Amino acid sequence: MTDFFTGIPAITYQGPDTDTDFAFRHYNPDEMVAGRRMEDHLRFAICYWHNFAWPGGDPFGGQTFLRPWFGETMEHAKLKADVAFEMFRILGVPFFCFHDADMRPEGASFAESTRNLEEMVEYFATKMEAGGPKLLWGTANLFSNRRFMAGAATNPDPDVFAYAAATVKTCMDATHRLGGENYVLWGGREGYETLLNTDLGRELEQMGRFLSMVVEYKHKIGFKGAILIEPKPQEPTKHQYDYDVATVYGFLQRFGLEKEVKVNIEQGHAILAGHSFEHELAMAASLGLLGSIDMNRNDYQSGWDTDQFPNNVPEVALAYYEILRAGGFTTGGTNFDAKLRRQSLDPEDLILAHAGAMDVCARGLKAAAALLENGALESARSARYAGWDRPEAQAMLQSDLETITSGVLAQGIDPQPRSGRQERLENLINRFI
Ligand code: XLS
Ligand code: NI
Ligand code: NI
């Protein structure tokens, strides 16, 4: 036991009327929602990086958090793990996620970094076996160290490609060892700052080959989890290659990987791409790519990936609506890739941020389930497309422009516009939130 969270009780469901801050008001893990336990629907994960590795810096100032585990020794790394697993227990989350660089100190060589990682993986494994949460996903940090400043798989220097490939191998091994349910690749610096020094076509070829190697290795080691790409349009590079879900789909198809790889969709990244979260989710579902989500929002004015905890129930409800409509999570879950604001210094801030976010998600999930069960939105949608149920309409899709033109002339077709009923549907949604 560490003393970091001393005095903070385990957070439990106490219902909406409780007057303590240290409780769930809506997240009730065992409550049944649409035939499934709430915990099994939401599959919450806490991220290791923002909570335990991030020092609170911004572009104008450095560290604001003074954490006893900040430091580059194995003792620091183990203290960090001790505190992290205490936080997982206080919040009762079923999952967590990590990057290699969050959990182990960087060594003087690749070999030493790998040894550090392997030692920490065993340290984690012991804690997980002693009742800690499971691993939703692992990933490699291929963006913080200066060696990756010009990209990892897309780097002009083949030595960096090699270093990145070897790093991903060790992270896949770590994820496999810890029973991870997914492996994530976010293209940290896979993109470019200026075309003046960039061979875009070559970089995309490299990235495709890299991803194919990841998939080959997954099958070789018998990793049963899903491989997930996390799209993001910009930041840190000006043009990130994995712009959004549709772009990722095109990329996967080009390399024949669309049946092998799915996506991890982050709310804030969707906003940066000029989409809504639910657009990205619906697009992924329609392409058979829906994997997992990072449930952290962006500030709508900043144009920056601010990684804030979710606090907008209507938005969250629409997101879970798309997820439920697609059948719910299988290997995926709800990861909070969210960080405190840098003035939120206290240990309790970490706990309350997550407790509140989990409540917001629970409310969103319940609203989404009720809306889906009610069925009015789905029937309105089907009614709008009902014309396509007619056999002649389906036959037209097998036809050609000349035949269709003859038909328009012969039948005197003259389309009559009908209301899209947007406000009526918005009113319907509001009845459930
Ligand atoms: C950064 C990404 C990152 C991934 C994991 O914007 O969201 O945190 O989720 O590498
Ligand atoms: Ni992000
Ligand atoms: Ni993310």
Side-chain angles (χ1 to χ4, degrees), residues 43-55 57-59 95-104 117 135-145 148 151-154 164 167-168 170-172 174-175 180-191 207 210-211 214 225-245 248 261-275 277 280-281 284 290-300 302-310 319 332-340 354 357:
R43 294 169 58 85
F44 285 131
I46 288 181
C47 84
Y48 210 75
W49 49 103
H50 291 319
N51 293 301
F52 308 112
W54 179 60
D58 72 7
F95 294 102
F96 71 101
C97 302
F98 72 84
H99 300 85
D100 53 349
D102 312 328
M103 64 193 270
R104 56 104 181 102
L117 179 66
L135 176 61
L136 186 64
W137 46 266
T139 188
N141 180 328
L142 303 177
F143 44 89
S144 294
N145 192 287
F148 298 119
T154 63
T167 302
V168 166
T170 63
C171 291
M172 290 177 75
T175 302
E181 304 209 4
N182 306 271
Y183 183 82
V184 165
L185 297 119
W186 167 56
R189 293 187 189 273
E190 311 293 28
M207 200 162 94
F210 192 95
L211 185 59
V214 167
I227 303 288
L228 306 176
I229 288 193
E230 185 174 321
K232 184 174 184 179
Q234 74 265 346
E235 199 219 306
T237 75
K238 179 169 161 59
H239 300 270
Q240 295 277 127
Y241 291 132
D242 294 329
Y243 191 94
D244 62 0
V245 171
V248 167
V261 178
K262 292 188 162 68
V263 286
N264 179 44
I265 304 175
E266 179 166 314
Q267 196 272 0
H269 298 182
I271 303 308
L272 287 178
H275 301 306
F277 194 20
E280 288 290 80
L281 293 165
L290 188 55
S292 198
I293 62 170
D294 276 3
M295 182 55 102
N296 39 287
R297 70 191 166 92
N298 269 11
D299 181 286
Y300 285 103
S302 73
W304 191 251
D305 192 8
T306 56
D307 288 329
Q308 290 170 251
F309 287 88
T334 303
N335 174 44
F336 297 115
D337 184 358
K339 54 177 178 258
L340 295 174
H354 285 87

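As the structure is a computational prediction, the values presented were derived from the model and not from experiment. Order of appearance sets the numbers: ligands from 1, and atoms from 1 within every ligand.
Between D337 atom CG and D307 atom CG the span is 5.0 Å, to the nearest 0.5 Å.
Of the options H99, E230, K232, the smallest heavy-atom separation from atom 6 (O) of ligand 1 is shown by K232.
Distances between N or O atoms of D305 and those of ligand 1 include at least one value under 3.5 Å. In terms of polar-atom proximity, H269 is counted as a contact of ligand 1, with an N or O under 3.5 Å from an N or O of the ligand. At least one N or O atom of D337 sits closer than 3.5 Å to an N or O atom of ligand 1.
Each of N298, D305, D244 was evaluated against H269; a single residue qualifies, D305, per the side-chain hydrogen bond (donor to acceptor under 3.5 Å, both in side chains) test. Tested against N296, the residues H50, K339, E266 include a single side-chain hydrogen bond (donor to acceptor under 3.5 Å, both in side chains) partner, E266.
Of all protein N, O or S atoms, those under 2.8 Å from the Ni ion (ligand 3) number 4.
Shown here are the salt bridge (charged side-chain N to carboxylate O under 4.0 Å, His left out) partners of R297, two or more places apart in sequence or in another chain: there are none.
Not a single heavy atom of F98 sits under 4.0 Å from any atom of ligand 1.
For H99 and Y48, the distance between ring centers is not under 6.0 angstrom.
Between F44 and H354 the shortest side-chain heavy-atom distance does not fall below 4.5 Å. Residues L117 and M103 form a side-chain contact, since some pair of their non-hydrogen atoms from C-beta on lies under 4.5 Å apart.
Numbered from 1 in the order shown, with element, the atoms of ligand 1 that lie under 4.0 Å from a heavy atom of D294 read 9 (O).
Residues D294 and N335 have side chains that bring a donor and an acceptor to within less than 3.5 angstrom of each other.
The minimum distance between the Ni ion (ligand 2) and any N, O or S atom of D305 involves atom OD2.
A donor-acceptor pair is defined here as one N or O able to donate and one able to accept, closer than 3.5 Å; no such pair exists between the side chain of N141 and the backbone of D100.
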